[in-house]
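We name chains A, B, ... by the order of the sequence lines, and we start the count at 1 in each one. No hydrogens, no waters, no symmetry mates; every other heavy atom, side chains included, goes into these values. Fair warning: this is a prediction, and the values are worked out from it, not measured in the lab.
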There are 2 protein chains.
Amino acid sequence: MARIKTEKNISRKDVIVTKAAILFREKGFKAASMRDLAEAVGVEAASLYNHIKSKTELLHELCFSVANRFLHKIDEVEAEPITAIEKVEKLLRFHINEMVNHYEEVYVSDREWKHLSDPYLSNFQNQRRIYRKRFAAIIENGIRHNEIKKIDAPTAVLIMLHAISGIESWHRSTQKISAEELEENMITILVGGLVNR
Amino acid sequence: MARIKTEKNISRKDVIVTKAAILFREKGFKAASMRDLAEAVGVEAASLYNHIKSKTELLHELCFSVANRFLHKIDEVEAEPITAIEKVEKLLRFHINEMVNHYEEVYVSDREWKHLSDPYLSNFQNQRRIYRKRFAAIIENGIRHNEIKKIDAPTAVLIMLHAISGIESWHRSTQKISAEELEENMITILVGGLVNR
DNA sequence: TAAAACAACTAACGCGTGTTAGCAACACTT
DNA sequence: AAGTGTTGCTAACACGCGTTAGTTGTTTTA
């Protein structure tokens, strides 16, 4: 009867949540079964329920832990006395790093939140909407100060956030450039565009 | 015993495939059941099998019809005697229009292809990989001719394609700018960047 | 070392799934 | 109007799912 191995400060629940992120990313939330997860953890499916309440709880945990990190970051960035472009760049770099270093979690939170159920679902959607509005507000500020082109701010936000989710492809690719190169390339393109002038 | 209504040149299978796209987009492939689909079509679940072979067949049809449209387009664009930037812009505009006008299909093809099974799966992945390489080759050409900044071409492709998939958010949003405005904004930002200079 | 708390197990439940078989009603052709 | 293929129906199948109950084994505490 082999127990789930834990290290210091890592609960068995944390182990399960982490493995769940990997599995949900790989197969999708619906397609990943609790029996799959149990196998990944090295235990029988029923045993998981000594540590978690339900499959959906795993999704809650993942989605909200990611969402909270982004909300804290935008709090921080908004308060800094820097230009709008610098704020945008800081947020982008944060997004890129989160996507590079916490790939599974961020990816799952991004693509599988639809399977949350109320009240978590509407809660999550709200947080997401608010985050985007605050991001757009920064861009609108930049437009007002002539730092940023006269564009539709919500559209800009949408482009930025989705472009970053493309790091998924980078992660999966075999011959990948370094994370640093990736970051610099993304910032160059998103902030400065393709055209050479 | 109400039949599936068909208009001229639209087979009953086409009706089913179209409804499937809407449903798969809404709930995800795995979460959408054949009974859901039957209800959307206005028929019992078993009746669907007079027109289709399996649930997965619906996904094949959607994924490959979308993939083929993009492959034909890149054939066309590659052959034109225009600059690299113009080629990129043409492809981007095509992507944007496809995403705006065939939202459900394109979205499903983009997000649910994982649930294809071999040999369709590897086939689809191949086509996708090849498409991206050809897109990247256009960008690399532009870099060689100094039209485009010295950036990592695969990263640029990844940004472009994923940015466009963000049109999903536009589609869902309530107060949306017009499709034309969206298109112009996206091209402006992706080709020219955010910064005003 | 005994008791208490924890974490694993086996067995099974009810349910929803994709799909098939067999039959009835419709639509079109001659 | 008869015949033929098409398209719908009902019933049911085998299976995998998330989850619970009850029990056994292991670790921690006193």
Side-chain angles (χ1 to χ4, degrees), chain A residues 1-21 23-24 26-63 108 112 114-118 120-121, chain B residues 1-21 23-24 26-63 108 112 114-118 120-121:
Chain A
M1 209 181 266
R3 297 203 154 193
I4 299 176
K5 286 171 194 165
T6 56
E7 292 161 33
K8 216 180 161 190
N9 284 337
I10 298 181
S11 71
R12 288 173 165 79
K13 180 166 178 177
D14 288 340
V15 174
I16 295 173
V17 171
T18 303
K19 292 279 186 186
L23 209 70
F24 292 170
E26 208 163 272
K27 301 193 157 200
F29 176 74
K30 269 283 173 182
S33 78
M34 293 304 278
R35 286 166 179 86
D36 289 339
L37 178 56
E39 193 182 349
V41 171
V43 103
E44 290 300 316
S47 308
L48 297 171
Y49 288 85
N50 285 320
H51 307 282
I52 61 162
K53 283 198 289 291
S54 66
K55 186 186 184 187
T56 326
E57 189 203 1
L58 293 168
L59 193 57
H60 302 163
E61 302 252 338
L62 289 168
C63 288
V108 168
E112 305 292 337
K114 274 186 194 180
H115 298 105
L116 288 171
S117 38
D118 271 324
Y120 299 97
L121 177 58
Chain B
M1 209 183 267
R3 295 204 153 191
I4 300 176
K5 287 171 194 167
T6 56
E7 292 161 32
K8 216 179 162 190
N9 284 338
I10 300 180
S11 72
R12 279 163 232 271
K13 181 168 178 175
D14 288 340
V15 173
I16 295 173
V17 171
T18 304
K19 293 278 185 187
L23 209 69
F24 292 170
E26 206 163 274
K27 301 192 156 199
F29 176 74
K30 269 282 174 185
S33 78
M34 293 305 276
R35 286 166 178 86
D36 290 337
L37 178 55
E39 192 181 350
V41 171
V43 103
E44 289 300 315
S47 307
L48 297 172
Y49 288 85
N50 286 319
H51 306 281
I52 61 163
K53 283 199 287 293
S54 66
K55 187 185 182 187
T56 326
E57 190 203 2
L58 293 169
L59 193 57
H60 302 163
E61 302 251 338
L62 289 169
C63 289
V108 168
E112 305 292 336
K114 274 188 195 177
H115 298 104
L116 289 170
S117 39
D118 271 324
Y120 298 98
L121 177 58

Problem - Presence of A:H51 side-chain N/O under 4.0 Å of C:dA8 phosphate oxygens OP1/OP2 - result: yes
Handout entry: Sorted by number, the residues of residues 30-37 of chain A with heavy-atom contact under 4.0 Å to DNA chain D
Key = A:A32, A:S33, A:M34, A:R35
Practice task
Starting at atom CD of A:E44, determine the distance to atom P of C:dC9, rounded to an integer number of angstrom.
Solution key: 5 Å
Exercise for the section: Let me know the distance between CG of B:N50 and C1' of C:dG22, rounded to the nearest Å. Expected result: 12 Å
Exercise for the section: Assign the ring pair B:Y120 / B:H60 to parallel, tilted or perpendicular, where the plane angle (0 to 90°) is split at 30° and 60°. Expected result: parallel
Exercise for the section: Just compare C:dT20, C:dA11, C:dA7 and give me whichever is closest to any side-chain atom of A:R12. Expected result: C:dA7
Exercise for the section: Evaluate the side-chain proximity of B:I16 to B:E61: yes if any heavy-atom separation is below 4.5 Å, no if none is. Expected result: no
Exercise for the section: In whole angstrom, give the distance that lies between atom CG of B:L48 and atom P of C:dG18. Expected result: 10 Å
Practice task
Could you pull out the closest heavy-atom pair between B:F24 and B:V108, with the gap in Å?
Solution key: CB-CG2, 3.7 Å
Exercise for the section: Give the rounded distance in Å between these two atoms: CD1 of B:I16 and P of C:dG18. Expected result: 14 Å
Problem - The single option from A:K19, A:K27, A:K30 passing salt bridge (charged side-chain N to carboxylate O under 4.0 Å, His left out) against A:D36 - result: A:K27
Problem - With sequence neighbours excluded, residues passing side chain to side chain donor-acceptor pair (under 3.5 Å) with B:T18 - result: none
Exercise for the section: Please report, rounded to the nearest Å, how far the P atom of D:dC17 is from the NE2 atom of A:H115. Expected result: 15 Å
Handout entry: Residue list, salt bridge (Lys or Arg N to Asp or Glu O under 4.0 Å) with B:K114, at least two apart or on another chain
Key = none
Practice task
State which of C:dA8, D:dT19, D:dC9 makes the closest approach to the side chain of B:V43.
Solution key: D:dC9
Exercise for the section: Please state how far atom CG in B:L58 lies from atom P in C:dG18, giving the value in whole angstrom units. Expected result: 11 Å
Practice task
Take atom NZ of A:K13 and atom C1' of C:dC6, then tell me their distance rounded to the nearest Å.
Solution key: 16 Å
Exercise for the section: Look at the side-chain N and O atoms of B:S47 and state whether any lies under 4.0 Å from the OP1 or OP2 oxygen of D:dC9. Expected result: yes
Problem - Rounded distance in Å - OH (A:Y49) to P (C:dT10) - result: 17 Å
Practice task
Compute both the distance and the angle, then confirm whether B:K55 meets the cation-pi test with B:F29: under 6.0 Å from the six-membered ring centre, within 45 degrees of the axis.
Solution key: yes
